[in-house]
Amino acid sequence: MGRLNNLISILDLDRDDIDLILNTASKMEDVAIQRSTELSDKIMACLFFEASTRTRLSFESAMLRLGGKVLGFADVVTTSAGGKGETLADTIRTVEQYADVIVIRHPLDGSARVAAEFSRIPIINAGSGAEEHPTQALLDLYSIKKIKGKIDGLTISLCGDLKYGRTVHSLGMALSKYNVKIMLAAPPPLRMKPAIVKEMKRIGIEVTEVDSVEEAIRDVDVVYMTRIQKERFPDIREYDAVKGKFRISTEELELMRDDTVILHPLPRVDEIDPIVDDSHHAKYFNQVYNGVITRMAILKLILE
Ligand code: NCD
């Protein structure tokens with residue numbers, strides 16, 4: 001990817017890098033269906049120290065569609081890191097001898113950066129603690145562009161758990177590179193970190209903070225809903241105080257503009273009523289497929 005070897009943070013990419021990834025992703029739409037052999041000499045290792053369905057399987061699907069090979073683990077309990085106390089550094093120094101690229105998800109902030117320090121092969125961050133999830137942000141941007149035909153000029157609201165949700169951290173920073181208006185909607189204890197809001201404003205985009213779903217869904221182009229990250233709360237009572245507060249159901253749909261699109265990185269718990277799935281606003285299962293397309297582009301750009 002030009003000067004880029006690793007994909008650790010969305011901040012490592014400038015707007016040209018992001019546009020290159022999105023344009024390459026468009027070209028992958030046909031390849032995803034036809035399949036290709038362009039990465040047939042490459043091996044991808046997926047090291048998932050934390051639960052995943054879409055991220056890991058879409059990376060594997062992306063690699064397989066490009067003719068590459070995959071190996072890895074989805075459950076740390078079966079590994080030396082989980083069972084015998086091996087360090088992340090030693091795991092990386094081992095796996096780099098088995099593969100050409102490492103895709104890593106880990107519960108600690110900074111984990112992907114640490115992995116990159118010890119690795120001689122490219123590292124792709126597939127979720128580092130509550131901090132970042134850059135490939136999700138890229139597939140979110142790709143989804144917005146594919147559905148709306150553009151990113152510049154849009155008003156986008158990021159809703160739900162903006163404190164612990166890593167997808168909204170990466171997406172907020174990625175959107176800041178475009179000419180957009182952003183609305184941040186969260187229950188007060190789950191507001192976006194002030195440092196990220198400050199960074200968005202410094203770059204010059206308009207950011208509004210609200211604390212209700214109703215305010216966030218009126219007159220916007222995209223509503224990006226997220227799950228309250230139960231597993232990241234230090235105290236379960238804090239979770240109980242906010243759970244179920246942010247929800248989209250039929251009443252909320254009635255408040256929306258007809259052309260408003262609802263996205264969600266998934267998994268959802270209760271924040272989008274399944275009744276919404278049948279409405280023309282719901283695009284989150286289309287977004288899932290865009291994960292394969294975007295990750296094909298990322299793998300191709302990093303490995304070729
Ligand atoms: C997200 C994650 O793992 O951060 N899932 C995903 O990768 N699509 C969102 C979440 O877990 O809520």
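When a ligand or atom number is given, it counts from 1 through the structure's own listing order.
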_If you apply the rule side-chain contact (heavy atoms from CB on, under 4.5 Å), what do you find for Met44 with Leu299, and how did you get there?_
CA-CA 9 Å; Met44 173 184 78; Leu299 288 168; 4.0 Å; yes
*Return the option from Arg54, His264, His133 holding the heavy atom at the smallest distance from atom 7 (O) of ligand 1.*
His133
*asked:* Between Arg105 and His133, is there a side-chain donor-acceptor contact under 3.5 Å, judged purely by atom types and distance?
replied: yes
*Anything under 30° is parallel, anything over 60° is perpendicular, the rest tilted; go ahead and classify Phe49 against His106.*
tilted
*Do Phe48 and Phe73 have their ring centres less than 6.0 Å from each other?*
no
*How far is atom 11 (O) of ligand 1 from its nearest protein heavy atom, and which residue and atom is that?*
Arg227 NH2, 2.9 Å
*Would Pro267 count as a contact of ligand 1 if the rule is a heavy atom under 4.0 Å away?*
yes
*Mind checking whether Gln136 contacts ligand 1 via backbone (N, CA, C, O), side chain (CB onward), both or neither, at a 4.0 Å heavy-atom cut-off?*
side chain
*Enumerated ligand 1 atoms positioned under 4.0 Å from heavy atoms of Thr55*: 6 (C), 7 (O)
*Measure the distance from atom 4 (O) of ligand 1 to every protein heavy atom, then report the residue, atom name and distance (to 0.1 Å) of the closest one.*
Arg166 NE, 2.7 Å
*For Gln229, is the nearest heavy atom under 4.0 Å from an atom of ligand 1?*
yes
*At what distance, to the nearest 0.5 angstrom, does CG of Leu253 lie from NE2 of His280?*
8.5 Å
*If two hydrophobic side chains count as joined below 4.5 Å and joins carry through other members, does Leu13 share a cluster with Ile196?*
yes
_Check this for me - ligand 1, Leu266, N or O atoms closer than 3.5 angstrom, yes or no?_
yes
